[in-house]
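Convention: sequence-line order gives letters A, B, ...; per-chain numbering from 1. From a predicted model like this one, the values you see are computed outputs, not experimental measurements.
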Amino acid sequence: MVAESFRCVGHSFFVKSLPSAALRTANCGRRRSFSVSCSNEKGNNNMGKRSLMWFRKGLRLHDNPALLRSCEGASHVYPVFVLDPWFLAPDPTAPSPGSKLVGVNRIRFLLQSLEDLDENLRKHGSRLLVLHGNPTTVIPELLMKWQINELCFEFDTEPYAQDRDADIKKLATKYGVEVFSPVSHTLFNPIDTIRKNGGQTPLTYQAFLKLTGKPPLPVTAPLQIPSPPEDLNDVHVVPVPKLEDLGYVNLDEEFSPHPGGETEALRRLDKSLVNQKWVCDFEKPKGNPTAFIEPATTVLSPYLKFGCLSCRLFHQRLLAVYSQNKKHSSPPVSLEGQLLWREFFYTAGYGTPNFDRMLGNPICKQIPWKDDDRLLAAWRDGQTGYPWIDAAMVQLRKWGWMHHLARHAVACFLTRGDMFVYWEKGRDVFDRLLIDSDWAINNGNWLWLSASAFFHQYHRIYSPVTFGKKYDPDGLYVKHFLPVLKDMPKYYIYEPWTAPLAVQKKANCIIGVDYPRPIVDHSIANKECREKMGIAYSQNRSQAAPSVSSTMRKRRRGVD
DNA sequence: CTCCACGTTGATTGG
DNA sequence: ACCAATCAACGTGGA
Ligand SMILES: Cc1cc2nc3c(=O)[nH]c(=O)nc-3n(C[C@H](O)[C@H](O)[C@H](O)COP(=O)(O)OP(=O)(O)OC[C@H]3O[C@@H](n4cnc5c(N)ncnc54)[C@H](O)[C@@H]3O)c2cc1C
């Protein structure tokens, strides 16, 4: 069972409409009493409850209502993280280091975040209990072994998490364990937003904006965290592993410069907001995607993804900056607007069936994309022959992060711009390699970029040559991520195949040998793509369920 | 029903 | 360096 509202005892903060994975299932909306007949007796001599704080995302102590609740009146809090080999086991056959599903940069980011979480818990007299296994089996076992009274975890709207959490909630309830699952990963609960809109999922940003009010304030961190007992009843917990412990060795490639963890997240938040003029002038579309020493945006995305940073804290601090300044930019282009884009896609993702697929997705244009593994592999591996595209894809592989507009450029290139390959294939590559990869945001943006939903001006195509060039005419970004081109004169850097052979020789980079020729001719490919999009769109128009009146009209016309 | 303004982030050309 | 006009032109949603 889940509370629908929750007052944070000992604080003046009131967190509205907390949770509820449970709202999707039976008994929606019916307020339920909390009194549960516990099969698990409370601790010795009514000492207080034993609670299990299950960390998944939300890897932080600040603004963590689930953690706060787990501490209230507890004799012992068991802070748990379960490392699932399904996501973490090395896959030597994968195209780049990592598991089948997760690149090594995100695995490293996770481990660093766990290490930091453990350190912060220790500062509060507790520690992180790390286990290996499938959470769906591990968590219920722990509930039994530790005679847990209350299970606390952050509400998560991803389909994978919804299924997992529903299973675990069912078992917990069977064991008489109370479950508390508050909203703290997003500013708003998508369920509330959709309800506010009369049950319709808002599908434009402007419509979404109208539904948002003031988000709840963050809750304070717990002052002290009752430690887990020494005796863990034979449960095997491990220290936070290192990458090598998980089997990742001989990693010599340049890796992500962004370390994980709440401490780093808060530091980066401070750093991002200290220049108030920068914050107030922020206009997303004007950012420079080729800036990589000092990126043009905050790079807070991986911290938001793992919940090392609370979006509510970010939002609160942002509004504090705005309030101290006369003028500031506004959504959609402002920094606040970026946080609201995140909310928008979380809401759309929650309310749309099959959001992560073309088939069966009611908002997704049905387009006959190609299933071309050769093109896909070239794109994934930074071998398209277009340096701007390839450099961005190498940045993705090496750093796990790219500027938003670089994501635009490569996503457009793979799909509607040049290659006409399934957006879902590109989504999978991003999902594996991004350190900020996020189900709702990633899918939402791929739908956008492929002009499958939200955005439909498919004739607006990024040039794989001039788009990068206009930001970085010297090609410093390209030269950094594609060192093979480092001696190519800047005049040819975006189109090295046009360099005379003598120039190629002098630059130690023969096109077709050291660096590939363009895999498609953009001037031809973009026209073909446009044409295919036009045909697909018109077929979607005629296949869209015709309204009764338009059917009548057609009939009448036929009779006439 | 029709009409029309609007949409975070195009490219090119000309001033 | 920056801006505006032009091109070609989509679907959505509110009036
Ligand atoms: C094809 C494609 C795939 C993407 N996949 C992801 C993803 O898996 N995870 C992810 O976090 N972002 C994704 N984005 C959105 C965006 O590119 C990143 O959020 C942003 O570049 C992260 O950098 P930042 O933190 O410096 O952003 P900032 O501009 O500093 O924005 C602050 C925060 O706002 C949120 N935000 C910013 N832009 C968007 C957006 N367009 N949509 C939703 N939320 C946004 C992010 O949480 C971000 O951290 C994707 C974009 C594209 C085009």
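- Using a 30° and 60° split on the angle between ring planes, F87(A) and Y160(A) fall in the perpendicular class, above 60°.
- One interatomic measurement links the two molecules: OH of Y205(A) to P of dT12(C), which rounds to 21 Å at whole-angstrom precision.
- Electrostatic pairing of D487(A) and K479(A) does not count as a salt bridge here, judged by no charged N lying under 4.0 Å from a carboxylate O.
- In this structure, E283(A) reaches neither bases nor backbone, as no heavy-atom distance under 4.0 Å exists between it and the strands shown.
- When the P atom of dG13(C) is taken as reference, atom NE2 of H456(A) falls 9 Å away, rounded to whole Å.
- Within 4.0 Å (heavy atoms only), F455(A) reaches no atom of the nucleic acid at all.
- On the C1' atoms, dC1(B) is 14 Å away from dG13(C), given to the nearest whole Å.
- Residue contacts for K210(A): at a heavy-atom cut-off of 4.0 Å it reaches no nucleic acid atom on any strand shown.
- Minimum interatomic distance between Y462(A) and H522(A) (heavy atoms only, all atoms of both residues): O-CE1, 3.7 Å.
- Rounded to an integer number of Å, the gap from NZ of K527(A) to P of dA9(C) is 12 Å.
- Closest-nucleotide positions on DNA chain C for L203(A) and H459(A) were compared, and the one nearer the 5' end corresponds to H459(A).
- Between E262(A) and R267(A), none of the side-chain N atoms (NZ, or NE/NH1/NH2) sits under 4.0 Å from a carboxylate O, so this pair counts as no salt bridge.
- In this structure, R416(A) atom CZ and dA8(C) atom C1' are separated by 14 Å, rounded to whole Å.
- Side chains of T186(A) and R342(A): a donor-acceptor N/O pair is absent below 3.5 angstrom, by distance only.
- Straight-line distance from the CZ atom of F467(A) to the C1' atom of dG10(B): 8 Å, rounded to whole Å.
- Nucleotide dC10(C) has dG7(B) as its partner under the Watson-Crick or G-U criteria, with both atom distances under 3.5 Å.
- Between K365(A) and dT12(C) there is a side-chain polar atom (N or O) within less than 4.0 angstrom of OP1 or OP2.
- Between the CG atom of L339(A) and the P atom of dT8(B) there is a distance of 17 Å, rounded to whole Å.
- Look at K470(A) and you'll find a side-chain N or O under 4.0 angstrom from OP1 or OP2 of dA11(B).
- Judged by ring centres under 5.5 Å apart and planes tilted less than 30 degrees, W341(A) stacks against the six-membered base ring of dT8(B).
- Counting to the nearest Å, the P atom of dA9(C) and the CD1 atom of I535(A) are 14 Å from each other.
- The nearest whole Å value for the distance from the CD atom in E531(A) to the P atom in dA8(C) is 16 Å.
- Side-chain proximity of S463(A) to dC10(C), dA11(B), dT9(B): nearest is dA11(B).
- OP1 or OP2 of dT12(B) sits under 4.0 Å from a side-chain N or O of T466(A).
- Looking at heavy-atom distances under 4.0 Å, K469(A) makes no contact with the nucleic acid at all.
- Separation of the P atoms belonging to dC6(B) and dA9(C) is 22 Å when rounded to the nearest angstrom.
- A close approach under 4.0 Å does not occur between any side-chain nitrogen or oxygen of Q457(A) and OP1 or OP2 of dT9(B).
- Salt bridge annotation for D281(A)-K327(A): absent, with no cationic side-chain nitrogen under 4.0 angstrom from a carboxylate oxygen.
- In the interface, the side chain of H404(A) is paired with the base of dT9(B) through a donor and an acceptor atom under 3.5 Å apart.
- For S538(A) and A207(A), each mapped to the nucleotide of DNA chain C holding its nearest heavy atom, the one lying further toward the 5' end belongs to S538(A).
- Residue-level contact check: Y537(A) touches the backbone only, with heavy atoms under 4.0 Å from sugar-phosphate atoms and none from bases.
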